[in-house]
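Working notes for the structure below.
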Amino acid sequence: QAAAQKFSGGIGSKLCGTFIFNTRFTFTLSFVSFSRLNEAILLLIFARHAIIYYFNAIMLFFIFYFLFVFFTDLLPALDGDAKTMNFLQEVVDIMLAYIVESFDRSTKVIDFHYPNELLQRNNWELSDEPETLDDILISCRATLKYAIKTAHPRYFNQLSTGLDMVGLAADWLTSTANTNMFTYEVAPVFVLLEYVTLKKMREIIGWQEGRGDGIFSPGGAISNMYAMLLARYKMFPEVKEKGMSSAPRLVAFTSEHSHFSIKKGAAALGIGTESVICIKADERGKMIPSDLERRIIEAKQKGYVPFFVSATAGTTVYGAFDPLMAIADICKKHDIWMHVDGAWGGSLLMSRKHRWKLNGVERANSMTWNPHKMMAVPLQCSALLVREEGLMQSCNQMQACYLFQQDKQYDLSYDTGDKALQCGRHVDIFKLWLMWRAKGTIGFEAQIDKCLELSEYLYNKIKDREGYEMVFDGKPQHTNVCFWYLPPGVRYLEDKVEKMKRLHKVAPVIKARMMEYGTTMVSYQPQGDKVNFFRMVISNPAATFEDIDFLIEEIERLGQDL
């Protein structure tokens, strides 16, 4: 019976209980003295309970038979279809329960435990012998129990939040198909959907008739590195075969508020982080074009070769949009590749109300666009869009004859693997494509506009509220709302140095309390000479005005004693 209690839903326990009860009752009857008057009735009762006894014995056998099922009993094992369906149905039930719980505001965003404590609470170690599928289901439940509910309407910690049901279904489907994106031969539909979607995205950018190229990569950092790789190849194609020794000292330019992936890409490509020149940004976090041109001229005078400018559409912290038109003019004047890192802000192109913030993006040579952020496509979904067709292929191709045979029966341009850095490439496109089919462009537009409306609501509520101070003046361009909360114990300090010292510790303490209570999550960080402040970002379509109100009240509740 103890073993049967592990059976999902308590079915095993109930059946074991029924078996034990009826067995005892049957054996009790066997000792009853029969009289001629009731002998027939008692015999019928005995027969009935004997049947129940044997039925329960058979049921108990099946309970234990199914209870101790191992992975070897599942498909493709012979007669493994029923066991496989039962196991997968259990997993689906676990996931569906988690999804429903994630959208329930009365539940925690996180059941927080410190790493050592979490390691001790469950056995996470790997063993030589297999565990039963019942134990595997227990592991599945434990994993989700301690997972962060990124779909929760009060989770604001990262740029990618929320959970779209159509996108989730698409993710399940692609895992079921379990194929690779390198050739049409093995991923015919997915390759075509990537072709169609990338073309649509290029049209939205503003490139004529959607011409150009592109690829879905494992994230914005890789998309940015692709752009840098292409820019180098465009200027010095010999580097592909001869290496960096065949090129002069190359330098790239980006805003001091840009994403760290620009420097990381330079390091990975052998260009070096010291060859990335950071351009000054104004008080709102936008790149200053005059400083960009000044630094380009300086680099040329030193004998360096400027080859790449990365402008940012939606900086990670401030949500700033660099002046793309002015940057495009400078890049054209100096014949430099212009890239737009729109990982965070690129999705505003879907909104007629907000796309003006990316005016000039159509003049870029390449653009990074992450639908897994503002468009709430399940991770991962990042696209690199390139204006020049064929450049990716010539830059990256290695013509491996075991994959990219030239005598196939179909159009070889649909074999996309040779233009990618990866060989194995996950199917990221289907989530975006299926969601686009379900929502339409207008659905994405409404979703994005709502998130920006919520951020404006938050800004308006706290800009003049006692105890709050904005990091920069004016309404944010994106959903990033950056602010300090000054608790009563800090609010009226006259010593400015002491005030900043104590304020620097406020956000980390409140954030830690948020996680321990599990009520909400919002990010914080310093920026330049500014002490730690909250960076609120909104990309979850499930969030409401009430959730914004809750966040403000929770910050005040958790920080009132500081």
Sidechain-backbone polar pair: [X] side chain, [Y] backbone, donor-acceptor under 3.5 Å:
X      : Y      : result
Asn396 : Lys419 : yes
Gln405 : Asp407 : no
Glu238 : Ala247 : no
Glu554 : Met514 : no
Ser175 : Trp172 : no
Glu256 : Ala281 : yes
Thr174 : Lys431 : no
Thr312 : Thr315 : no
Asp322 : Met287 : yes
Thr179 : Val186 : yes

I'd like to check [X] versus [Y] (side-chain heavy atoms, cut-off strictly below 4.5 Å). Are they in contact?
X      : Y      : value
Arg535 : Thr316 : yes
Lys499 : Leu486 : yes
Met225 : Leu421 : yes
Trp436 : Val377 : no
Val537 : Lys373 : no
Gln158 : Thr150 : no
Lys240 : Arg232 : no
Asn365 : Leu230 : no

So, for [X] and [Y], which heavy atoms are closest and what is the spacing to 0.1 Å?
X      : Y      : answer
Asp171 : Pro378 : OD2-CB, 4.2 Å
Ile262 : Met228 : O-CE, 3.6 Å
Arg465 : Glu556 : NE-OE2, 2.7 Å
Ser539 : Thr161 : OG-OG1, 2.9 Å
Phe103 : Ala151 : CE2-O, 3.8 Å
Trp337 : Ala231 : CG-CB, 3.4 Å

Inset, instruction - With side-chain hydrogen bond (donor to acceptor under 3.5 Å, both in side chains) as the test, would you mind laying out the steps for Asn224 and Lys264 before giving the verdict? - result: CA-CA 10 Å; Asn224 287 338; Lys264 185 169 280 192; over 6 Å; no
Inset, instruction - Tell me, with the steps shown, if Ile204 and Arg355 meet side chain to side chain contact (heavy atoms under 4.5 Å, CB included). - result: CA-CA 10 Å; Ile204 291 171; Arg355 68 166 290 136; 3.9 Å; yes
Supply the atom-to-atom distance [X] [atom1] to [Y] [atom2], rounded to the nearest 0.5 angstrom.
X      : Y      : atom1 : atom2 : answer
Leu349 : Lys357 : CG    : NZ    : 11.5 Å
Ile297 : Lys302 : CD1   : NZ    : 13.0 Å
Gln380 : His372 : CD    : NE2   : 8.0 Å
Cys482 : Tyr459 : SG    : OH    : 12.0 Å
Glu456 : Ile538 : CD    : CD1   : 11.0 Å
Phe483 : Phe534 : CZ    : CZ    : 6.0 Å

Legend entry - Criterion salt bridge (charged side-chain N to carboxylate O under 4.0 Å, His left out) on Arg294 and Asp291, from CA distance to verdict: CA-CA 5 Å; Arg294 180 180 68 83; Asp291 191 54; 2.6 Å; yes
Legend entry - Axial cation check for Phe472 ring with Arg284, 6.0 Å and 45° limits: no
List, one per line, each side-chain donor-acceptor pair under 3.5 Å for residues 381-394, sequence neighbours excluded.
unit_1 : atom_1 : unit_2 : atom_2 : d
Ser382 : OG     : Gly219 : O      : 3.4
Ser382 : OG     : Gly220 : N      : 3.4
Ser382 : OG     : Ser223 : OG     : 2.9
Ser382 : OG     : Asn370 : OD1    : 2.6
Arg387 : NH1    : Arg363 : O      : 3.2
Glu388 : OE1    : Lys234 : NZ     : 2.9
Glu388 : OE2    : Lys234 : NZ     : 3.3
Gln393 : NE2    : Gln397 : OE1    : 3.3
Ser394 : OG     : Gly390 : O      : 3.3
Ser394 : OG     : Leu391 : O      : 3.1

Inset, instruction - Scan residues 184-221 for pairs that pass ring-ring contact (aromatic ring centres under 6.0 Å, His included), counting only residues two or more places apart or in two chains. - result: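 Qualifying pairs, neighbours excluded: Tyr184-Tyr410, Phe190-Phe430, Tyr195-Tyr414.
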When you look at [atom1] of [X], are more than 12 heavy atoms from neighbouring residues, nucleotides or ligands closer to it than 6.0 Å?
X      : atom1 : value
Asp335 : CG    : no
Lys263 : NZ    : no
Lys408 : NZ    : yes
Lys475 : NZ    : no

Distance-only check: which donor-acceptor pairs under 3.5 Å involve side-chain atoms of residues 522-533, not counting sequence neighbours?
unit_1 : atom_1 : unit_2 : atom_2 : d
Asn532 : ND2    : His504 : O      : 2.9
Asn532 : ND2    : His504 : ND1    : 3.4
Asn532 : ND2    : His504 : NE2    : 3.4

Legend entry - Electrostatic pair Glu453:Lys450 at N-O distance under 4.0 angstrom: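 A salt bridge is absent here (no side-chain N lies under 4.0 Å from a carboxylate O).
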Legend entry - Carboxylate-amine/guanidinium contact Lys199 Glu203, below 4.0 Å: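 The answer is yes: the pair qualifies as a salt bridge.
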Legend entry - Derivation of the side-chain hydrogen bond (donor to acceptor under 3.5 Å, both in side chains) call for Ser310 and Asp341: CA-CA 7 Å; Ser310 179; Asp341 178 6; 5.3 Å; no
Legend entry - Among Thr520, Asn540, Asp547, Thr544, the one residue meeting side chain to side chain donor-acceptor pair (under 3.5 Å) with Arg154: Asp547
Inset, instruction - Would you please classify the geometry between the Phe404 ring and the Phe182 ring as parallel, tilted or perpendicular, with 30° and 60° separating the classes? - result: perpendicular
Inset, instruction - Go through the steps to decide whether His259 and Ser261 satisfy the test side-chain hydrogen bond (donor to acceptor under 3.5 Å, both in side chains), and finish with yes or no. - result: CA-CA 5 Å; His259 194 262; Ser261 60; 2.9 Å; yes
In terms of side-chain heavy atoms, does [X] have a donor or acceptor partner in [Y] at a distance below 3.5 Å?
X      : Y      : result
Asn480 : His478 : no
Tyr318 : Glu283 : no
Ser347 : Trp369 : yes

